Engineer: 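Okay, here's the structure, questions in a sec.
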Amino acid sequence: MSHLIRPTRRGFMTGAAALAGAATLRFPTPALAQSDRPDLVIAVQGLVDNLEPIAAISNVGMRVVNAMYDTLLYRNFLANPDGSGAVIEPGLATGVERLNDRTVRVTLRDDVVFHNSEPMTAQDVAFSFGYDRMFGPEPLTPRAAYFRPDLAEVSVIDDSTVEFVTNGPDYAMEKRLASWIGWVVPEGYFRDKGLDGFGTAPIGTGPYKLKEFLRGDRVVLEANDDYWRGRPTARTVTFVVVPETATRVAGLISGEYHIACALNPDNIPLLQRYNEVEGRGAQIENTHLVVHNQVDNVLADKRVRRAMHKCIDRDALNTALWAGLAGVTNGFQLPMQGEAYDPNRAPYRQDIEGAKALLAEAGYSGKPITYRTLNDYYVNSVAAAQAMQQWWQEAGLNVEIEIKENWGQVTGDGLMSRNWSNGFPLTDPVTPLTTDWHEGSNVQKNYGWKAPEEFNALLGKIRSMPNSPERSAAFQRALDIFDDEAPGTPLYRPYELYGIQSSIGWSPVTFEWMELRPHNLAFD
Amino acid sequence: MHFSIRQSASAVRQSSPVLVAACLWLGLMVFVAVFAPWIAPYGYAEQDLLLRLQPPSFAGGPPGHWLGTDHLGRDVFSRAIYSIRISMAVAFFGALIGAVFGTALGALAAHRRGLVEEIVMGLVDVQAALPFLIFALLVIAFFGNELFLFVLVVGFQGWERYARLARGLVLDAKTRGYAAAARSMGLPLWRVYLVHIGPNIAGAMAVQFTLNLPETIILEAGLSFLGLGIQPPLTSLGLMLNDSRNYIVLHWWLPAVPGALIFVTALSMSLIGDGLRDWFDRSQR
């Protein structure tokens with residue numbers, strides 16, 4: 001059983017089509033032309049401390065990572081005009097061939113160089129996904145354990161071929177190689193620097209390379225003129241931290257920033273007042289969640305967790321806080337998960353009386369439950385917390401909101417409930433269930449969730465089966481258990497709203513990153 | 001020096017209409033603070049998500065929400081009422097803590113002299129040299145944010161001024177005959193300080209207290225605005241301002257209401273403090 005992915009031109013933006021052909025030609029890069037290109041400034045709500053591409057997985061990390069690195073295969077979000085495309089196209093690999101249910105082979109481009117001018121080799125690719133970095137007992141990137149496929153071996157077949165073998169069947173491998181674990185890093189440089197060293201002075205193959213990194217303040221990238229997909233269209237890209245939404249909007253309107261990320265739908269009427277700026281956005285493949293740490297507290301009783309879950313009126317949150325632009329899901333699933341998605345699954349309904357009954361049954365005595373959140377990290381997080389708190393109170397749940405300064409304080413001592421988000425990066429049921437809620441996940445390992453055996457067995461099935469009615473049934477059954485156990489509960493699909501100078505040609509995609517490659521960034 | 005109602009009343013009568021207005025305003029604020037739950041038509045956390053960001057009823061908003069609603073559909077008028085209560089309480093008790101603590105330390109320094117005085121006055125200098133906001137940030141970052149701790153932190157502001165003032169006044173009082181007389185009659189120390197020296201320095205301390213109050217109001221507002229003060233769902237004037245950040249341009253009533261309340265209240269307190277000082281200076285003469 002094998003198939004070869006070929007580039008699909010369908011839906012490509014015109015510029016991109018030209019660039020795909022031009023990739024091998026290489027643009028000449030006259031020194032004078034440097035100044036034609038603008039310096040792009042993007043105001044963001046936060047930055048990660050480590051730009052190693054897997055360590056950086058988060059709502060604020062991926063947009064920088066995607067500008068600096070490439071994935072082996074490329075998910076072309078822009079194949080759909082609304083940025084939701086799921087077409088897998090060649091990336092650093094020109095093709096992918098499936099040998100059997102456990103084995104996938106990729107053929108590599110031979111014209112890719114890293115930012116330090118070293119050519120990208122098969123060894124670099126094997127290292128990026130390999131035993132030492134990703135799946136050994138002490139991986140150089142420990143965080144890979146949460147996101148990686150169940151790899152058994154990654155080996156170099158020849159100079160342009162790398163083979164991936166998983167322990168069990170893995171039909172999502174191609175999607176994984178196009179996802180947020182699919183970045184390729186240079187082996188020698190990475191080993192030299194180690195995780196933290198690399199994260200401070202990272203090197204990738206992407207359109208922009210690091211120029212300056214001031215933790216918590218800004219990341220400045222400059223064009224990588226040798227980029228294999230063509231010459232980047234901005235001279236530099238600066239991600240500057242502006243924690244306040246209102247300040248990001250003000251800076252956008254004043255012209256200080258070209259793009260302002262993570263705006264609130266309440267900002268739209270203001271943006272509409274100015275001709276020079278506009279709002280662009282998309283519902284992203286992500287849900288905001290409430291997640292519970294159940295160790296030694298009242299949340300160990302699933303009836304209390306379910307009561308919290310039942311109190312939430314997601315439609316009201318969407319209508320009021322998101323101007324109806326967010327997505328209310330029916331269960332912990334999204335349509336782009338494909339065949340296993342059940343459009344007829346019953347939506348979540350607010351049921352305060354049901355919550356009261358559960359609490360009475362559990363003998364909940366009004367013991368305080370703390371709910372932690374950062375201020376503006378997730379758009380609308382504090383407003384949603386306050387709205388939920390009212391509903392919880394109505395049901396008799398004594399929830400106290402704690403607004404924290406940083407993630408260390410949120411996840412530190414005394415954690416009970418908090419907000420969180422899960423990405424759905426694979427257009428497949430494997431994420432986020434088998435990555436964020438599985439046996440080795442933080443929630444099961446550290447937050448004391450004792451998942452039923454059946455749940456973990458179902459995750460194994462979902463992970464290892466090809467799409468089939470049986471897999472869909474396993475997925476739906478796992479979702480039933482998830483809702484019954486309520487180790488956490490999804491709120492809504494957030495609407496990622498960008499404010500942008502109207503003259504800039506750029507489209508958002510349905511994921512928590514930005515596409516800044518030449519085919520999606522044009523200046524007048 | 002005699003305090004009497006008649007004298008105070010005449011002092012108010014002689015003073016400018018501005019001072020009268022300030023007194024009336026502050027009186028109103030105290031009244032609102034005390035009777036907040038009876039005045040406010042809604043609870044401070046009571047939401048109506050479908051009726052959010054409504055302008056005040058006089059500006060075309062729905063009736064029943066005189067000052068409009070905020071981003072969670074909470075009644076701005078009711079929140080303002082409760083915010084006055086919380087902010088006034090934090091400011092008052094905060095200032096009181098500073099006054100009691102500072103005065104006690106100042107009196108102790110004046111009484112003991114020597115090393116104790118050196119240490120106390122050293123601390124006073126440190127406190128005076130320390131940017132207070134940084135100190136407040138540090139304490140809250142280390143010990144977390146509890147209402148009680150927050151009041152303590154607010155109370156810490158300005159204690160050094162009371163300490164300095166109290167030390168000077170007590171030193172002065174000790175040279176006066178009445179203190180020496182009381183002491184030589186064999187009265188216990190606490191009686192000398194509380195019954196004899198205390199009332200004699202109370203006027204000056206009261207002036208200092210009134211002058212300090214507006215600063216504590218603004219400090220509460222500042223810290224809450226920075227997210228370090230009062231935590232939701234509780235409300236305060238600073239927190240209301242904080243909530244309104246995102247809405248300044250299109251929903252003017254959200255910042256305007258708490259902003260105006262902070263401004264007018266702090267100004268009134270300041271004016272009253274000045275008036276009290278002037279009156280006190282005159283009566284000293």
Side-chain angles (χ1 to χ4, degrees), chain A residues 243-250 253 263-274 313-324 350 370-376 379-394 399-406 408-409 412-414, chain B residues 42-55 69-75 78-79 82 136-150 223-236 238-252 254-255:
Chain A
E244 290 290 331
T245 313
T247 318
R248 290 197 293 277
V249 175
I253 290 169
L263 299 192
N264 189 302
D266 279 342
N267 300 129
I268 293 175
L270 182 58
L271 294 176
Q272 284 169 343
R273 284 194 160 193
Y274 299 86
D313 183 344
R314 292 156 173 87
D315 288 310
L317 291 179
N318 184 22
T319 312
L321 304 182
W322 294 91
Q350 185 186 39
T370 54
Y371 178 88
R372 289 184 182 169
T373 172
L374 294 184
N375 201 348
D376 265 344
V379 171
N380 272 326
S381 55
V382 176
Q386 292 184 78
M388 293 190 293
Q389 187 188 37
Q390 285 294 294
W391 295 320
W392 285 328
Q393 198 178 42
E394 228 176 289
V399 180
E400 292 166 3
I401 300 174
E402 292 182 353
I403 298 174
K404 297 292 184 183
E405 292 295 297
N406 56 52
Q409 291 177 2
D413 281 353
Chain B
Y42 297 89
Y44 60 86
E46 205 176 318
Q47 298 166 359
D48 185 349
L49 285 175
L50 299 179
L51 212 64
R52 64 198 295 269
L53 298 175
Q54 296 295 320
T69 60
D70 71 1
H71 65 298
L72 289 171
R74 299 175 296 199
D75 182 47
S78 303
R79 283 179 70 73
Y82 279 99
L137 290 176
L138 265 178
V139 173
I140 289 164
F142 272 107
F143 300 105
N145 195 332
E146 301 277 331
L147 184 57
F148 176 70
L149 183 75
F150 179 60
L223 288 173
S224 296
F225 180 77
L226 291 174
L228 295 161
I230 300 295
Q231 297 294 301
L234 207 60
T235 178
S236 80
L239 196 60
M240 282 181 81
L241 262 189
N242 178 318
D243 276 347
S244 72
R245 283 165 310 171
N246 221 2
Y247 304 95
I248 288 177
V249 182
L250 297 182
H251 311 280
W252 56 269
L254 293 175

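We name chains A, B, ... by the order of the sequence lines, and we start the count at 1 in each one. Since the structure is predicted, the reported quantities are computational estimates derived from the model, not experimental observations. Computation of the quantities below employed the complete heavy-atom set of this structure, encompassing side-chain atoms and omitting hydrogens, waters and symmetry-equivalent molecules.
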Engineer: With a 4.5 angstrom heavy-atom cut-off, could you sort out which part of Leu49(B) is near chain A: side chain, backbone, both or neither?
Structural biologist: both
Engineer: Would you mind checking which part of Arg245(B) comes under 4.5 Å of any heavy atom in chain A, side chain (CB onward), backbone (N, CA, C, O), both or neither?
Structural biologist: both
Engineer: Suppose we screen for side chain to side chain donor-acceptor pair (under 3.5 Å). Which residues come up paired with Gln386(A), at least two apart in sequence or across chains?
Structural biologist: Arg74(B)
Engineer: Does any heavy atom of chain B fall under 4.5 Å from the side chain of Glu244(A), the backbone, both, or neither of them?
Structural biologist: side chain
Engineer: Between chain B and each of Asn375(A), Asn267(A), Val249(A), Thr319(A), count heavy-atom pairs under 4.5 Å; write down the option with the most.
Structural biologist: Asn267(A)
Engineer: With side chains defined as the heavy atoms from C-beta onward, is the minimum distance between Pro232(B) and Ile403(A) less than 4.5 Å?
Structural biologist: yes
Engineer: So which of Asn264(A), Leu270(A), Ile401(A) has the largest heavy-atom pair count under 4.5 angstrom toward chain B?
Structural biologist: Leu270(A)
Engineer: Going by side-chain contact (heavy atoms from CB on, under 4.5 Å), Leu53(B) matches just one of Leu72(B), Asp70(B), Leu254(B). Which one?
Structural biologist: Leu254(B)
Engineer: Kindly write out the residues that satisfy side chain to side chain contact (heavy atoms under 4.5 Å, CB included) with Leu137(B), not counting sequence neighbours, or none if the list is empty.
Structural biologist: Leu228(B)
Engineer: Would you call Leu147(B) and Ile230(B) a side-chain contact if the rule is heavy atoms closer than 4.5 Å?
Structural biologist: yes
